[in-house]
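Have a look at the structure below, then the notes.
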Amino acid sequence: PPLVNTSVTSTNEARVRVMPALPSSLAVKTVSQTTADVGWTGDASGAEFDLAYRMVGSNEWIALPSSSIHGNTSLQLTDLEPNAAYEWNVRSVAYGASDDPLYSDWVAGSPFTTLPEKIKLSRVEVKPSATSVMAGAEGTVTLTATPDATDNDETLAYQWQRFTGDQWQKMDGETKNTLEVSVKTLSVGQHAYRCVVEATRTGGVMKQVESNESTVTAMPAAPTDLSV
């Protein structure tokens, strides 16, 4: 027989594996419109970490496995939506390179909200910037305010003003991007107008920009019926 005079030894080794400790001190360090820097503390066991995050209200978590975190205890989340609330969790991973890793429970970090997008509005131009008319004549002068942003970027509101005496005064009801100035009602002299545009975004971010001045000069009518 093959085993005659053969010595056989059997070994039964016990394997003890230690569960990784929970990550602690989860914190959100900085937040921008599309990124968030988060961090946490691990123990001295050399455990790695998994992280998962999602927009509040979403059913799907975005998972960042330990293989992409490389044992770091801080990470920047990117490609986030502006002005959106997010939640995130971290867990420790031991024996991550084995076929049978051990995981701690998930630990939740404090939710955070990304910053709103910056207002794009920076300039408003009124045309014509200067025009001359004959005082008392029929007709109107149309002034048009053109901002460098659109309603596709943010919500825009218009308010025309007229310079009276020594200050700018709001013109009641003039809240469109155009202003019709009645020539017939103008007294002889210069009349200054401008448009204040207010841009708002979700989250309460607001910015006001004043346009250039547009001057309408009303000239006296030429005398008529002259006789000697």
Side-chain angles (χ1 to χ4, degrees), residues 2-3 6-122 148-156 198-209:
L3 296 181
T6 300
S7 176
V8 178
T9 301
S10 176
T11 301
N12 183 17
E13 295 182 355
R15 183 178 65 163
V16 177
R17 301 197 303 165
V18 179
M19 290 291 294
L22 294 171
S24 61
S25 303
L26 277 69
V28 180
K29 300 176 180 179
T30 58
V31 175
S32 72
Q33 285 86 10
T34 58
T35 65
D37 293 312
V38 299
W40 59 91
T41 300
D43 62 13
S45 67
E48 297 183 323
F49 306 95
D50 290 340
L51 185 147
Y53 68 97
R54 67 180 178 182
M55 190 183 298
V56 172
S58 172
N59 293 323
E60 297 185 7
W61 289 92
I62 300 173
L64 299 176
S66 58
S67 59
S68 66
I69 300 177
H70 307 298
N72 295 321
T73 55
S74 62
L75 188 70
Q76 183 177 80
L77 307 180
T78 60
D79 298 324
L80 306 179
E81 292 292 330
N83 197 44
Y86 283 86
E87 53 188 341
W88 60 292
N89 298 276
V90 179
R91 69 180 178 183
S92 300
V93 183
Y95 315 104
S98 72
D99 295 331
D100 187 21
L102 295 178
Y103 301 98
S104 74
D105 291 334
W106 288 101
V107 177
S110 299
F112 62 87
T113 301
T114 51
L115 300 180
E117 286 186 298
K118 292 182 179 180
I119 295 291
K120 291 186 177 181
L121 177 68
S122 63
D148 60 356
T150 70
D151 283 313
N152 293 327
D153 301 318
E154 48 231 9
T155 302
L156 301 178
E198 181 179 280
T200 56
R201 282 185 178 270
T202 304
V205 179
M206 182 186 71
K207 181 179 181 180
Q208 284 190 342
V209 175

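By convention here, the first residue in the shown sequence is residue 1.
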| Atom of Gln33, atom of Pro116 and distance for their closest heavy-atom approach | CG-O, 3.1 Å
| Met55 versus Ala84, closest heavy-atom pair with distance | CE-CB, 4.1 Å
| task | Grab the two heavy atoms, one from Ser25 and one from Thr41, that are nearest each other, plus how far apart they are. | result | CB-OG1, 3.6 Å
| field | For Val90 against Pro23, the heavy-atom pair lying closest together | value | O-CG, 3.5 Å
| Within a radius of less than 6.0 Å around CG of Asp79, do more than 12 heavy atoms belonging to other residues, nucleotides or ligands occur? | no
| Derivation of the side-chain contact (heavy atoms from CB on, under 4.5 Å) call for Asn83 and Leu115 | CA-CA 5 Å; Asn83 197 44; Leu115 300 180; over 6 Å; no
| Heavy-atom donor-acceptor pair, Asp50 side chain to Ala63 backbone, under 3.5 Å | no
| message | Could you check whether any side-chain N or O of Ser92 sits under 3.5 Å from a backbone N or O of Ala21, counting only pairs where one atom can act as donor and the other as acceptor? | response | yes
| Separation between OG1 of Thr73 and CH2 of Trp40, rounded to the nearest 0.5 Å | 6.5 Å
| note | For Gly109 and Leu26 the tightest heavy-atom approach is N-CD2, 3.5 Å
| note | Distance col, row Gln76:CD vs Thr34:OG1, nearest 0.5 angstrom, shows 8.0 Å
| message | To the closest 0.5 Å, what do you measure between CD (Glu81) and OG1 (Thr113)? | response | 13.5 Å
| Full working for side-chain contact (heavy atoms from CB on, under 4.5 Å) between Leu75 and Phe49 | CA-CA 11 Å; Leu75 188 70; Phe49 306 95; over 6 Å; no
| Can you tell me how far the CZ atom of Arg201 sits from the CG atom of Leu121, to the nearest 0.5 Å? | 10.5 Å
| said: Do Tyr86 and Val38 have side chains that approach each other closer than 4.5 Å (heavy atoms only, starting at C-beta)? | reply: no
| query | So how far is it from Asp37 CG to Thr78 OG1, rounded to the nearest 0.5 Å? | reply | 10.5 Å
| task | Any chance you could measure Glu198, atom CD, to Ile119, atom CD1, to the nearest 0.5 Å? | result | 9.5 Å
| For Ser110, does its backbone N or O pair with a side-chain atom of Trp88 as donor and acceptor, under 3.5 Å? | yes
| message | Applying side-chain contact (heavy atoms from CB on, under 4.5 Å) to Arg54 and Glu60, what does each step give before you reach the verdict? | response | CA-CA 7 Å; Arg54 67 180 178 182; Glu60 297 185 7; over 6 Å; no
| message | Less than 4.5 Å apart, side chain to side chain, heavy atoms only: is that true for Lys29 and Phe112? | response | no
| Intermediate values then yes/no, side-chain contact (heavy atoms from CB on, under 4.5 Å), Leu51 and Leu77 | CA-CA 10 Å; Leu51 185 147; Leu77 307 180; 3.9 Å; yes
| said: Between Glu154 and Lys120, does any NZ, NE, NH1 or NH2 come within less than 4.0 Å of an OD or OE carboxylate oxygen? | reply: no
| If every non-hydrogen atom of Ser32 is compared with every non-hydrogen atom of Thr114, which pair is closest and at what distance? | O-CB, 3.4 Å
| Within a strict 4.5 Å, meaning less than it, do heavy atoms of the Leu102 and Pro20 side chains meet? | yes
